[in-house]
Structure formats: C-alpha cells, structure tokens
Amino acid sequence: MKHWIGRWLIGVAVIHTVFGVAVFGKELLGIVQRGVFDTVGTDPMTGAVVWFVLFGAVLFICGQAVSRLEASLPAGLPKGMGWSLLALGVLGVVLMPASGFWLVFPPAIAILVKRGGMKPALA
C-alpha cells in the first residue's frame, strides 16, 4: 500500500469520533437539548467532551491534507510532520497511557524512516 498514512489518520479520526459519541452521548445530548449555542459554559466535563469530539474533526481534516500530500510528494512527507506526530504520540501516551495515542506511532515512524523524505526548510 503506497499511500496509507493519510487514510490511517482519517480512520483514527473516525474511530475517535464514534468512540466519543458512544461514550459521551449523554453529554452531547445535553448540549443539543440546551440549544448548542454557548452551552459549554464553565462545566469542565462538557468542555472536555467538546474538545474530544473536535479533536476527531481536526484529525480528520489533517488526514485529508496528509492524504493529498502523499499523492503529490514522491519524495515523501516532510520529516517535521513525522517528528511532530511522534512528539504528540509520546506526550499523549505519557499523559494517558490507556488511550488511542498509540495509534499515532505507526504513521509517525513510517514518515521518519521513509528514504528521501522532504527535509525541513531552514528559515
């Protein structure tokens, strides 16, 4: 499979969001029942649920961009992307070992070990 990293991230995003809806359905329903607008307020649980679901959406968008980049960059994805994903995964696993952050390691490592990948530009 030549281009899989973007699809991997999209898949993780979908699983993340479905999990969030399944586990936090009560909180999400409460947001809808309160009219959505300005319903988070100062409730930390509601805020955490919103950020959980929104992270899935952001990861989905990033996965789409990575998928497009994979198809257009024959030399490979930028190494900085691999390092960034690796740092995110390490921090996430350190903070929450029993989480899905482990799923970030395969694409991060794949980006870093690909020969000829783009080097970060010096500013």
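Note: the hydrophobic cluster containing Phe55 also contains Val93 (ILVMFWY, side chain heavy atoms under 4.5 Å, direct or indirect links). The same ILVMFWY cluster, assembled from side-chain heavy atoms under 4.5 Å apart, contains both Ile111 and Val90. Linking Ile, Leu, Val, Met, Phe, Trp and Tyr whenever their side-chain heavy atoms come within less than 4.5 Å puts Leu73 and Val113 in one cluster. Following chains of ILVMFWY side-chain contacts shorter than 4.5 Å, one cannot reach Val49 starting from Val14, and the two form parts of different hydrophobic clusters. Taking hydrophobic clusters as Ile, Leu, Val, Met, Phe, Trp and Tyr residues chained together by side-chain heavy-atom distances below 4.5 Å, Val66 shares a cluster with Trp4.
Ala13 and Gly56 make their closest contact through CB-O, 3.3 Å (heavy atoms, listed as atom of the first residue, atom of the second, distance). The two residues Val50 and Val40 have their closest heavy-atom pair at CG2-CG2, 3.6 Å. Among all heavy-atom pairs drawn from Gly20 and Leu28, the shortest one is O-CD1, 4.2 Å. In plain terms, the two heavy atoms of Phe101 and Leu88 that are nearest each other are CD2-O, 3.9 Å. Between Gly92 and Ser99, the shortest heavy-atom distance links the atoms O-OG, 4.3 Å. The two atoms that bring Phe52 and His16 nearest to each other are O-CE1, 2.8 Å, heavy atoms only.
Looking only at distances, a side-chain donor or acceptor of Ser84 sits under 3.5 Å from a matching main-chain atom of Gly80. Looking at Ser72, its side chain does come within 3.5 Å of a backbone N or O of Leu69 through a donor-acceptor pair. Of the possible donor and acceptor atoms, one in the side chain of Glu70 sits under 3.5 Å from a partner among the backbone N and O of Ile5. With hydrogens and angles ignored, the 3.5 Å screen pairs a side-chain donor or acceptor of Trp102 with a backbone N or O of Pro97. A donor-acceptor pair under 3.5 Å links the side-chain atoms of Lys79 to the main chain of Lys114, judged by distance alone.
Other residues, nucleotides and ligands contribute at most 12 non-hydrogen atoms within 6.0 Å of the CZ atom of Phe19.
Between the CG atom of Leu91 and the CE atom of Met96 there is a distance of 8.5 Å, given to the nearest 0.5 Å. Within the model, atoms CG of Leu54 and CG of Leu59 stand 12.5 Å from one another, a figure rounded to the nearest 0.5 Å.
Exactly one residue among Leu9, Ile15, Val12 makes a side-chain contact (heavy atoms from CB on, under 4.5 Å) with Leu103. That residue is Val12.
Looking at residues two or more places apart in sequence or on another chain, you find a side chain to side chain contact (heavy atoms under 4.5 Å, CB included) between Thr39 and Ile31, Arg34.
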